[in-house]
Amino acid sequence: MAVNAERFLADLHKLRQFGAAGVGKGVVRPAYSKADIEARAWLSDKMAEAGLTSRMDPVGNLFGLAEGRSILLGSHSDSQPEGGWLDGALGVIGALEVARSSDRPVSVVSFQDEEGRFGVTTGSAIWAGQVSLEEADRLTDHTGVAFGEARQAVSHLAGDFVDPTSFSGFIEMHIEQGPTLDTAEEQIGVVTDIVGIRDMRITFNGRQNHAGTTPMHLRRDAFQALAAFSAEIETRFRNLVTPRTVWTIGHVSLHPNASSIVTGRAVFSMQWRDGDSDRLARMEEIIRLTAQEIAASRGLTVEFGKMLGLEPVAMDRRLANALATSAEKVSPGRWRRMPSGALHDATNVARIMPVSMLFVPSIGGISHAFDEDTDEADLVAGLHVLEDAVSAIG
């Protein structure tokens, strides 16, 4: 049997309805939200219809298991707080369609909390043994909810962890989430490696005070320290980073966050990514030193939270070559080998089995936004590459 492109697209659009929000094809489906749990229940039914055995583990990773040893395909189905309809979902629904049609044993997975509500690709990190369940349960989101508390929302559906030795390898199909393929008018990217990531919360503690009566030179303003840090870190990174290096202050919480009060505390996320572990470590040194110097110069204190992160990983050559061969069949001359600047569950899974990834274009390079999209012809091309590669791998 060949894959059914119409069924594949229909399922993608159906999954989008769980948490549909905003304009266009926007989705709000964070880990353990009502929409996330409903989506997993629907996916579980679809897996059973495909002849797979549906299994959810204690943290909400959802597997559709083929009989015997199999290749594992999939991604994640949770979303960013304001996400698009394809990020993660494409890989899960593509895996489901290949499992339905392949004469090879194919298993499917939708990992939980890839988008990092509680950590960095939390569900796959736990499954792959990168983070213990006990340690993960102590992680908290930005509102203070603990992972151990949140995962109770699926406890009535959960069973044991699935044995990773059941699988011969893992392939994850995903949108690129960047502009390279779209700009070059190419259809397929075969991933060579995935960058490493570091993520840490930093807190500046100053002195809350009256905004009208406190002279500027006497203020210990935590927000001004954050602003100074943001400007200074770019200068200090200048001779260290490469064009592929990125860093982001993505979440900021001010206290008391009021118009007429000097900010007493600023808590913010600092995330940086690069393909070189030594460069990531050097960036950490600069971040810590810069924050300490700015705090000391302004009469503040600084605290550093737990460091989260993953090392850069290379894709398995055999699996990647199978995808490359298939890409040339499906999209001759319109594909390339390329690195991934985004983090994926494949990073964790690579620690325990061979992995590879393929990309399809993101229109305008947009992702993690309501207007994230990909031409449906490109989605179907990616599906055919995945199908052909699985058939060739055996």
Side-chain angles (χ1 to χ4, degrees), residues 7-46 56 59-62 74-96 109-123 140-145 147 149-154 157 172-179 182 248-253 257 269 271 342-345 359-376 378-379 382:
R7 179 174 58 186
F8 160 70
L9 292 172
D11 282 346
L12 263 179
H13 284 287
K14 176 63 178 179
L15 181 54
R16 179 175 63 87
Q17 295 177 18
F18 296 97
V23 297
K25 299 173 181 176
V27 171
V28 176
R29 198 165 56 227
Y32 304 113
S33 64
K34 181 174 181 290
D36 172 58
I37 295 170
E38 290 175 347
R40 289 176 190 277
W42 176 79
L43 283 167
S44 178
D45 289 343
K46 287 294 182 181
M56 183 178 287
V59 300
N61 296 321
L62 177 64
S75 188
H76 63 96
S77 54
D78 63 306
S79 82
Q80 285 285 330
E82 289 189 1
W85 73 301
L86 295 171
D87 182 358
L90 171 62
V92 175
I93 298 301
L96 179 64
V109 64
S110 173
F111 287 113
Q112 181 59 291
D113 195 28
E114 192 273 354
E115 296 293 7
R117 175 184 170 189
F118 295 94
V120 177
T121 58
T122 318
T140 59
D141 67 9
H142 289 301
T143 67
V145 175
F147 181 79
E149 175 187 351
R151 70 182 179 89
Q152 295 309 308
V154 297
L157 303 171
E172 183 172 5
M173 178 166 64
H174 210 281
I175 54 172
E176 181 196 342
Q177 302 181 281
D182 187 52
T248 307
I249 296 175
H251 183 274
V252 176
S253 175
N257 201 25
S269 65
Q271 185 184 101
L343 193 65
H344 300 284
D345 289 307
F359 285 161
V360 295
S362 294
I363 296 174
I366 301 298
S367 184
H368 287 186
F370 285 158
D371 55 342
E372 164 191 290
D373 207 0
T374 297
D375 189 288
E376 290 191 351
D378 294 335
L379 298 176

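Residue numbers count from 1 along this sequence. Please read these numbers as outputs of a predicted model, since none were measured by experiment.
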Could you measure the distance from the [atom1] atom of [X] to the [atom2] atom of [Y]? Nearest 0.5 Å is fine.
| X | Y | atom1 | atom2 | result |
| --- | --- | --- | --- | --- |
| Lys46 | Ser110 | NZ | OG | 15.5 Å |
| Asp378 | Glu176 | CG | CD | 11.5 Å |
| Glu149 | Phe118 | CD | CZ | 8.0 Å |
| Glu115 | Asp87 | CD | CG | 4.5 Å |
| His251 | Ser269 | NE2 | OG | 7.0 Å |

Side chains of [X] and [Y] in contact at under 4.5 Å (non-hydrogen atoms):
| X | Y | result |
| --- | --- | --- |
| Trp85 | Asp373 | yes |
| Leu62 | Ser44 | yes |
| Gln80 | Val28 | no |
| Ile93 | Leu43 | yes |

Testing the basics here: between [X] and [Y], what is the closest heavy-atom pair and its distance to 0.1 Å?
| X | Y | result |
| --- | --- | --- |
| Ser79 | Val27 | OG-O, 3.6 Å |
| Ala369 | Ile366 | CB-CG2, 3.9 Å |
| Ser75 | Glu172 | OG-OE2, 2.7 Å |

- Query: His344 vs Phe359 aromatic rings, parallel, tilted or perpendicular, using cut-offs 30° and 60°?
  - Reply: tilted
- Item | Aromatic plane relationship, Phe18 with Trp42 - under 30° parallel, 30 to 60° tilted, over 60° perpendicular | tilted
Kindly say whether [Y] contributes a backbone atom to a donor-acceptor pair with the side chain of [X] at under 3.5 angstrom?
| X | Y | answer |
| --- | --- | --- |
| Asn61 | Gln112 | yes |
| Asp78 | Glu114 | yes |
| Thr374 | Leu379 | no |
| Asp371 | Gly24 | no |
| Ser362 | Ile175 | no |

- Message: Could you go through Glu372 and Lys25, starting from their C-alpha distance and side-chain angles, then the distance that decides it, and tell me whether this counts as side-chain contact (heavy atoms from CB on, under 4.5 Å)?
- Response: CA-CA 7 Å; Glu372 164 191 290; Lys25 299 173 181 176; over 6 Å; no
- Item | salt bridge (charged side-chain N to carboxylate O under 4.0 Å, His left out): pairs with one or both residues in residues 31-42, sequence neighbours excluded | Lys34-Glu38, Asp36-Arg40
- Who passes salt bridge (charged side-chain N to carboxylate O under 4.0 Å, His left out) against Asp141, sequence neighbours left out? Arg117
- Message: Is a donor from one side chain sitting under 3.5 angstrom from an acceptor on the other, for Asp113 and His76?
- Response: no
